[in-house]
Asks: 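Take this structure, written in structure tokens, and hold onto it; I'll ask about it next.
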Protein chains: 2
Amino acid sequence: MSRQRSERATLSDVAAMAGVSPITASRFFNEPTRVGAEASARIRAAVEALNYVPNLTAGGLASARSRVVAMVVPNISGPIFAPTLQALSDGLAEQGLQLLLASSYFSSEAEERAVRAFMGWNPAALVLTSRFHSPATERLIASAGHPVIETWDLAPRRRAFQIGFSHRQVGRDAASYLIDKGHRRIGFVHNIATGDFSAQERFEGYAEVMQAHGLEAWGHAPTATDPMDAGAQALSTLMARKRQRPHALIFANDNLACGAVLAGRRQGLQLPQDLAIFGFGDYAFADKLLPSLSTIRPPAQAIGATAAQLIKALTHRDDATGKPPKRVHELSCTLMARESA
Amino acid sequence: MSRQRSERATLSDVAAMAGVSPITASRFFNEPTRVGAEASARIRAAVEALNYVPNLTAGGLASARSRVVAMVVPNISGPIFAPTLQALSDGLAEQGLQLLLASSYFSSEAEERAVRAFMGWNPAALVLTSRFHSPATERLIASAGHPVIETWDLAPRRRAFQIGFSHRQVGRDAASYLIDKGHRRIGFVHNIATGDFSAQERFEGYAEVMQAHGLEAWGHAPTATDPMDAGAQALSTLMARKRQRPHALIFANDNLACGAVLAGRRQGLQLPQDLAIFGFGDYAFADKLLPSLSTIRPPAQAIGATAAQLIKALTHRDDATGKPPKRVHELSCTLMARESA
DNA sequence: TTGTATGCGTTATCAG
DNA sequence: CTGATAACGCATACAA
């Protein structure tokens, strides 16, 4: 009947060697102040001798709370979310928490699968990207026994914690910057990816400022499927106009803007004299283009770091004076004024 | 004595509602073929009704094997490892496995901490980056009850599974390419990061080919701390030489090469006529520079995908014909011939 | 195809 | 400051 016991030492082995009860050994790890100095020393020695590694699965089961934080991002390898992941991972490592990761590719079905699996881990917290979820996901997170943090977008009215920035403000800032530079005919080039709600909000911010200045707001939607191609296409189409040729273009993201910059140079355009180009994202290549790309950098790293801090505050609330953490954390973007606009 | 039971439905709840024993419900998830059609239907209904989510912590404890794969990478947000992570994560998601992640920043202490914590999860597999570990880490993985996969570098003699490519061959390919183009005075610009053993291997491959052609192999080590600055510095220093000015430079990575390209243009150099520039990595900006950067692309995505396949083969070995998976998987890089060389 | 008995390694609870 | 006991929710082993 005896099932496979692993070779590894258990807490009981450590306790036996140290001459204490298992629970005391357990406290050595979780509440060290409650263990006497001599006992601590003996336990420490036993841990060393047996090369003991705590079984986190067992601990998670017993305590109904595991030492992982789960995060769902649209993608891992893109230029956008990686800094957030890195900062979150680093902040969690300091707290002895691990990061459990899944990518959704902007699909709410994939997000739902990931969230469902994550719930099975009883994570210390669940971090999501954006606030748009399937109904089933909404139900899952509503019944979750742990904090849920939504990042990047901000939806102040939602129940989950929010860490992000205002895309609308990004649109406003871009438009204001270009207007201040003296541009008047300023267009907006939409993203090709469907379901990019945040790009739409940037457009609205842009439109708001344009109208406030009595200028016409208009959007152009390229059809190419590759972002760089789409940016080039937009530039060619719009600059081929006989009249009402734009003075400046705001692109939904830096990939599109990069395509436009490269195409503009290929066509012999003087940038930014003939056309100012403005992006969003401050991707890694933005400062390496010629001309370098003016754009807005989202607080990607700060979002991850703030999430880690928030999780710390939420999990250690007992030893603080009980002040509940802020529910909405609005961070600000940075306008990177470079050569292209 | 009764401790806090979570609100969530358990497998027993599902079983009770479906009128079967818990173990049958368990089999519904793990060995569906062994459950009768009627029972399956009732269990499925109960799962839906109770919104049941399997507790993976409990399952992991009971089976001594959890549905996670742990990976340690030097960094998450850099241009190098992100595609590997993405491919691994995607491949694992198909198998119902989750990815547990930590970054080491090239520190073997940080790697050791991460590996130690990961062992506590009884992961289905542990994936490491590179083969250089602290002695304690070596001991940990030697006693691990699960497969260990080392990626990027190749060390055929090690016990762990290996998935990677030959850095030496990268150095050979770069040198051969430049020699074929007619260059003779070809230098190598070293990385500023200490502990980048693989860059040293690329240098050795380059030196080997140079010597085989009766050409002198030499390395230059810039001192600037920022990679882009270091690349620019190397270019300035070497092109300022009165005699023996180089015809071509191989840089330890694309960041250095990018710094050189930008500095070269700023100084009015004609690239590649005055100097051919060759990188390594094929970072996102490589094809966006002017001139676009000739470089070698490592099989980052393939490494992640291969790791996922290997894990599948290792965990499902029972139902196959038992052919043990290959231990060493050597993948090949792609030379991206562009404008800079 | 289904069920019974038992244990995985840890922590919560209560008692000293 | 320390310990005895009883779970946590599930899967393994064996039996039917």
Side-chain angles (χ1 to χ4, degrees), chain A residues 1-16 18-43 46-47 50 52-68 117 119-122 124 145 318, chain B residues 1-16 18-43 46-47 50 52-67 117 119-122 124 145 315 318:
Chain A
M1 189 55 58
S2 81
R3 61 208 294 171
Q4 217 118 283
R5 277 197 55 156
S6 82
E7 309 278 314
R8 294 209 335 245
T10 71
L11 194 56
S12 298
D13 299 332
V14 170
V20 298
S21 75
I23 186 64
T24 302
S26 171
R27 284 198 269 259
F28 171 79
F29 289 101
N30 301 321
E31 308 166 274
T33 57
R34 289 187 52 191
V35 179
E38 293 174 24
S40 288
R42 289 203 308 275
I43 294 170
V47 166
L50 297 172
Y52 170 70
V53 177
N55 184 324
L56 299 174
T57 330
L61 177 58
S63 68
R65 182 67 76 250
S66 71
R67 301 201 63 73
V68 290
M119 306 285 277
W121 282 107
N122 282 101
D318 36 22
Chain B
M1 190 55 57
S2 81
R3 60 210 291 175
Q4 215 117 284
R5 277 197 52 159
S6 81
E7 310 277 313
R8 293 203 344 237
T10 72
L11 194 56
S12 297
D13 298 333
V14 171
V20 298
S21 76
I23 186 60
T24 302
S26 171
R27 283 199 269 259
F28 172 79
F29 288 101
N30 301 321
E31 307 166 273
T33 57
R34 289 188 51 192
V35 178
E38 292 174 25
S40 288
R42 289 203 308 275
I43 293 170
V47 166
L50 297 172
Y52 170 69
V53 177
N55 184 325
L56 300 174
T57 334
L61 177 59
S63 68
R65 184 66 75 251
S66 72
R67 299 200 64 73
M119 305 287 276
W121 282 105
N122 280 105
T315 50
D318 36 24

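What you are looking at is a predicted structure, and each value in this text was computed from that prediction instead of being measured. Letters go in sequence order (proteins before strands), and every chain restarts at 1.
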Asks: Please evaluate residues B:V20 and B:R27 with respect to the criterion side chain to side chain contact (heavy atoms under 4.5 Å, CB included), reporting the C-alpha separation (whole Å), side-chain torsions for both, the decisive distance (0.1 Å), and the verdict.
Replies: CA-CA 11 Å; B:V20 298; B:R27 283 199 269 259; over 6 Å; no
Asks: If I take atom CG in residue B:L56 and atom P in nucleotide D:dG9, what distance separates them, rounded to the nearest angstrom?
Replies: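 From B:L56 CG to D:dG9 P: 13 Å.
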Asks: Spell out yes or no: do the side chain of B:R27 and the base of C:dG3 have one donor N/O and one acceptor N/O closer than 3.5 Å?
Replies: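 Present.
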Asks: Write down the distance between CG (A:L11) and C1' (C:dG7), rounded to a whole number of angstrom.
Replies: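 Result: 17 Å.
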Asks: Any side-chain N or O of B:S26 less than 4.0 Å from the OP1 or OP2 oxygen of D:dA11?
Replies: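 True: B:S26 side-chain N/O within range (under 4.0 Å) of D:dA11 OP1/OP2.
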Asks: Take atom CD of A:E38 as the centre, draw a 6.0 Å sphere, and report whether it contains more than 12 heavy atoms from other residues, nucleotides or ligands.
Replies: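 Open.
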Asks: With sugar-phosphate meaning primed atoms plus P, OP1 and OP2, does A:T33 contact a base, only sugar-phosphate, or nothing at under 4.0 Å between heavy atoms?
Replies: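 Sugar-phosphate contact only - A:T33 comes under 4.0 Å of backbone atoms but never of a base.
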Asks: Nearest to the side chain of A:R34, which nucleotide is it out of D:dA11, C:dG9, D:dT2?
Replies: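 In terms of side-chain proximity for A:R34, the closest of D:dA11, C:dG9, D:dT2 is D:dT2.
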Asks: Figure out the CZ/P separation between B:F28 and D:dA11, and round it to whole Å.
Replies: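 Going from CZ in B:F28 over to P in D:dA11 covers 13 Å.
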Asks: Taking the side chain of B:L61 as its heavy atoms from C-beta onward, which of C:dT10, D:dA11, D:dG9 lies nearest to it?
Replies: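 Of the candidates, D:dG9 comes closest.
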Asks: For A:I23, answer base if it contacts any base atom (sugar-phosphate contacts may also be present), sugar-phosphate if it contacts only those atoms, and nothing otherwise; contact means non-hydrogen atoms under 4.0 Å.
Replies: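 Counting heavy atoms under 4.0 Å across all strands, the contact made by A:I23 includes a base.
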Asks: Figure out the CG/P separation between B:N55 and C:dC8, and round it to whole Å.
Replies: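 In whole Å, C:dC8 P lies 18 Å from B:N55 CG.
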Asks: Can you measure B:E31 atom CD to D:dC10 atom C1' for me and round it to whole angstrom units?
Replies: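 Whole-Å distance recorded here is 13 Å.
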Asks: Would you say B:Y52 places a side-chain N or O within less than 4.0 Å of OP1 or OP2 belonging to D:dC10?
Replies: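 Indeed, a polar side-chain atom of B:Y52 lies that close.
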Asks: In whole angstrom, what separates A:I43's CD1 from C:dT10's C1'?
Replies: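 One finds 15 Å between C1' of C:dT10 and CD1 of A:I43, rounded.
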Asks: May I ask you to decide if A:G59's main-chain N or O and A:S63's side chain share a donor-acceptor pair within less than 3.5 Å?
Replies: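 Yes; judged by distance alone, with no hydrogens or angles, the pair exists.
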Asks: Please state how far atom CZ in B:R67 lies from atom P in D:dC10, giving the value in whole angstrom units.
Replies: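 Spelled out: CZ on B:R67 to P on D:dC10 is 15 Å.
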Asks: Rounded to the Å, how far apart are B:F29 CZ and D:dC10 P?
Replies: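 One finds 9 Å between P of D:dC10 and CZ of B:F29, rounded.
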Asks: Taking A:T57's backbone N and O only, do any of them form a donor-acceptor pair with B:T57's side chain (distance below 3.5 Å, no angle check)?
Replies: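 Checking the backbone N and O of A:T57 against the side chain of B:T57, no donor-acceptor pair under 3.5 Å is found.
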Asks: Does OP1 or OP2 of D:dA11 have a side-chain N or O of B:N30 closer than 4.0 Å?
Replies: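 For D:dA11, OP1/OP2 do have a side-chain N/O of B:N30 under 4.0 Å.
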Asks: Could you label the plane-to-plane angle of the B:W121 and A:W121 rings as parallel, tilted or perpendicular, counting under 30° as parallel and over 60° as perpendicular?
Replies: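 Geometry flag for A:W121 against B:W121: perpendicular rings.
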Asks: Reading DNA chain D from 5' onward, which residue's closest nucleotide shows up sooner: B:S12 or A:T24?
Replies: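 Mapping each residue to its closest nucleotide by heavy atoms, the 5'-most match is A:T24.
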Asks: Go through C:dG9, D:dT2, C:dG3 for me and flag the one nearest to the B:S21 side chain.
Replies: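 Side chain of B:S21 sits closest to C:dG3.
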